[in-house]
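For reference, the structure is listed below as structure tokens.
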Number of protein chains: 4
Amino acid sequence: MFKTVKQNKAYQDVVEQIQEAIMEGALKPGSQLPAERELKEQFGISRGTLREALRVLEQKGLIEIRTGVAGGSIIREINSENLSENLGMLIRNRSVSLHDLAEFREGMEGDVAALAAQRAAKGDLAQLVELLGEAGGHLKQGRKGWDAFIRTDEQIHLELARMSGNQLFIAVLTSVYRNIHTYYENYLPWSKELLQENFDDLRNIVAAVSEHDAEAARQMALEHVRRFNGYMEKKQV
Amino acid sequence: MFKTVKQNKAYQDVVEQIQEAIMEGALKPGSQLPAERELKEQFGISRGTLREALRVLEQKGLIEIRTGVAGGSIIREINSENLSENLGMLIRNRSVSLHDLAEFREGMEGDVAALAAQRAAKGDLAQLVELLGEAGGHLKQGRKGWDAFIRTDEQIHLELARMSGNQLFIAVLTSVYRNIHTYYENYLPWSKELLQENFDDLRNIVAAVSEHDAEAARQMALEHVRRFNGYMEKKQV
Amino acid sequence: MFKTVKQNKAYQDVVEQIQEAIMEGALKPGSQLPAERELKEQFGISRGTLREALRVLEQKGLIEIRTGVAGGSIIREINSENLSENLGMLIRNRSVSLHDLAEFREGMEGDVAALAAQRAAKGDLAQLVELLGEAGGHLKQGRKGWDAFIRTDEQIHLELARMSGNQLFIAVLTSVYRNIHTYYENYLPWSKELLQENFDDLRNIVAAVSEHDAEAARQMALEHVRRFNGYMEKKQV
Amino acid sequence: MFKTVKQNKAYQDVVEQIQEAIMEGALKPGSQLPAERELKEQFGISRGTLREALRVLEQKGLIEIRTGVAGGSIIREINSENLSENLGMLIRNRSVSLHDLAEFREGMEGDVAALAAQRAAKGDLAQLVELLGEAGGHLKQGRKGWDAFIRTDEQIHLELARMSGNQLFIAVLTSVYRNIHTYYENYLPWSKELLQENFDDLRNIVAAVSEHDAEAARQMALEHVRRFNGYMEKKQV
DNA sequence: GTGGTCTAGACCACA
DNA sequence: GTGGTCTAGACCACG
């Protein structure tokens, strides 16, 4: 199945061969690569080199290396985790400021809410309402429920992204949330009023989505994000 | 009650430590990591394990490994290459469809154009106009200028992103363009009329940006993207 | 700049999680851990690894593993048995000589006797007197009562430690006695006079404790121990 | 060398055989046990069972398991680490209170100081004086030197224990110090005056030890410890 | 190339 | 049904 590797950049060659085999569908997700000791024979390389290649593939999210009897290198379903991680690195690197992040989010949230409103299925809506209920419960617990509320808040936003059905929005927003979190926790002066306001916004967005009113949902989401960004920038000064 | 145990592999630990050092700025781009033989001492691991870690970092785009007398592991500027690569894999894998990509672009282009209109400096505008001139030139060359026109078209869009001043938009849009290219080339029934229409759109957008009319720019950009997406989807059927 | 990598073994992680749960009181003594087949699910590990973890916990004295249908891992009361065992290994390993042991005992016995004198309750004193009576009885039986006498002697000392109310003294002295025994049996030239002298010492110590005379008790105990140590060292030469 | 295991508690049997071999000196510290795959043959058990046995021995501090080509199960020098861990558990569990610990220390420190005074060699004294100098230096640095001072303080006490030449005192005191630390750091209201007082005490003790005045050293140490215990108990209320 | 780590699934003995 | 034991095979790490 695989060709013997010629010369320089041996591990790169191995990576490319396996990657190509996966991309072309010759290796299906869930199936297994041969054991390391056999692969190294097929490629005509040493085990160390092979392991470097497998590491790179693992890092790319193409394979998962498991130990044990049913272990080995298993082809993974391609997903957007890596995309999120890369975006996260860009954000954390401060080449992306909080302001950039907020500005970016403004545009996205509106689009996502609008798409969610257009495509919401009944099951999705039920899920949204349940999350909203949870959030309300956390809010009533007072200060000790704040953390849980913020987490549920985030879940609602991600659920909206999921409802948009667009993998790209999901991946990018997930990454944005994962990284905006630290800013919120450090910079935002959380207060009961703020959380309540936040909760009201969420309720409005969910209502608009339930009625499949895309433009209303977009507008609600946009205002919601814009108001929060305003709070954060004020605080940061 | 108990958490699932995550098998901490030695090389992973090394990756995280170096990555963290880079992210926190303890290691600046351009600077060099200590030699492998010293690093392995600092981490208390073997050379093989260290090399696996360095490969992963290289794959992540965080370092560049050079051979030779002045060689070693050099810290790289963080860039969006990896983001593009991941996006490319998702697209090739059909996890992200053309429709997803187009939908995503619709939202983003409008935002970017609006921001560019708000923030355009004189130098930026001159650059835009120059690019527009180039595009016009290519268009007049007839069929043999088409390729050059499409490239210039893309450059104009990226210049708008650059003018927005938002690193996140720049990184994400760059990745999107790098990958949407293949679709355009393969699926779109390029014709003289189409290119002319495209050129007119660009001129309108640049005009709106020049007048700092954010909403007009947004609207122009949105329509432009939407129309093209329409052509592509029709063709795809 | 970088830390040495600690290879985190899966079983260690499990040990720490369970130990922490016990220490924090989340798992109360007497309660039961879930069955192995369920625990392995919770931790996401194999049964073999889990069993290694349970063995370590058993060895630490934190759990007791029972077989059978109502069996399983039962949380134990934390006690000082292990402390004694470890101290015992140190002593047996000859890194602690008889002389070291004797010297150590000199300091401790005085302190313990003084504390016992200060804190003796009536019930405690009655117990002491009863033990003293037993010892006297054994002494009268002649040679065949010697062994029993020595055992009762030790019990009196441990009772004094118990009366001090200090768990640390109890644990350490228990361990010392458990391990000094071998020396006494092998090296000391037991004789009727020696036992009688020993008995008189005990009577004096008990008397001082009964009168709550801490300093007298300390002095008596110190002399008692010191004289015996003298005999032993003479013999050893 | 080892016998085949019969039936019941296979792993226990293995533990005992190896432990006995170590205790009797048949296996010297630093030497290596055969590889797992060979040991399992010798004992006639499976690898899993053998590993359970090795885990127990590792937990007991009798062997150290290393990975890699020169790896395997290596016989360890018996030390007091385990003793410290056990003591720590008893303390965290409140089986041994701070008061117990302090009371225990009172008795021991006096004895240790007296023994150190009797046996101090010139090299030992030089070492003591050097540590004292360090402590003085840390003290002059003000608040930022406090931590270093406390650590040096502890080192001086342990040096005294080492000078006593009694392994038992060394082991027990080391364990006590390792665990009393947390109390000092959390409960004691450190202040400049307190540290100065502490430093003066240390100077007096070292002076007495230098003059080989055992009783003075004992008295100084006792007062030193007692005063500190007083502060801590007052604070705790 | 050696040796430790971890896994999955199986059978046995016992309370 | 629960712990006790076994098997075989794969990765992980070292020098």
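Only heavy atoms go into these numbers, but all of them, side chains included; no hydrogens, no water, no symmetry mates. Remember, it's a predicted structure, so these values are computed and weren't measured experimentally. The sequence lines fix the lettering, A, B, ..., with proteins before strands; numbering per chain opens at 1.
Atom-to-atom, NZ of D:Lys40 to C1' of E:dG4 comes out at 14 Å; the value is rounded to the nearest Å. If you take CG of A:Leu50 and P of F:dA10, they are 14 Å apart, rounded to a whole angstrom. The CG-P distance, from C:Leu54 to F:dG3, rounds to 9 Å in whole Å. To the nearest angstrom, C1' of F:dA10 lies 10 Å from CD1 of A:Ile74. Taking atom CD1 on C:Ile63 and atom C1' on F:dG3, their separation rounds to 12 Å, with Å as the unit. Atom pair C:Leu57:CG and F:dG3:C1' shows a separation of 16 Å (rounding to whole Å applied). D:Leu33 has its CG atom 10 Å from the P atom of E:dG4, to the nearest Å. Between the CD atom of B:Gln12 and the P atom of F:dC11 there is a distance of 18 Å, given to the nearest Å.
There is a side-chain donor-acceptor pair under 3.5 Å between D:Ser84 and D:Ser175. Side chain to side chain, A:Lys60 and A:Gln19 meet the donor-acceptor criterion of an N or O pair below 3.5 Å.
Between D:Arg178 and D:Glu81 there is no salt bridge, since no side-chain nitrogen of the basic residue lies less than 4.0 Å from a carboxylate oxygen of the acidic one. The pair B:Lys9-A:Glu58 meets the salt-bridge criterion, with a side-chain N (NZ, NE, NH1 or NH2) lying under 4.0 Å from an Asp/Glu carboxylate O.
The backbone N or O of A:Ala70 sits less than 3.5 Å from a side-chain atom of A:Gln32, completing a donor-acceptor pair. One N or O on the side chain of B:Gln17 and one on the backbone of C:Lys3 form a donor-acceptor pair closer than 3.5 Å. The backbone N or O of A:Ile45 lies less than 3.5 Å from no partner atom in the side chain of A:Thr49, so there is not a single donor-acceptor pair.
Sparse packing is recorded around CZ of D:Arg66, with 12 or fewer heavy atoms of other residues, nucleotides or ligands lying under 6.0 Å away.
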Short N/O separations, protein against nucleotides 12-15 of chain F, under 3.5 angstrom:
residue : atom : partner : partner atom : Å
F:dC12  : OP2  : A:Arg51 : NH1          : 3.2
F:dC12  : OP2  : A:Arg55 : NH2          : 3.4
F:dC12  : N4   : A:Arg47 : NH2          : 2.9
F:dA13  : OP1  : B:Ala10 : N            : 2.5
F:dC14  : OP2  : B:Ser46 : N            : 3.2
F:dC14  : OP2  : B:Ser46 : OG           : 3.1
F:dC14  : OP2  : B:Thr49 : OG1          : 2.6
F:dC14  : O2   : D:Val69 : N            : 3.3

(request) Dot-bracket for DNA chain F, please, read 5' to 3', with Watson-Crick or G-U wobble pairs under 3.5 Å on both distances, ( ) within the strand, [ ] crossing, | other strand, . unpaired. (result) ||||||||||||||.
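A:Gln59 places a side-chain heavy atom less than 4.5 Å from the side chain of A:Asn82.
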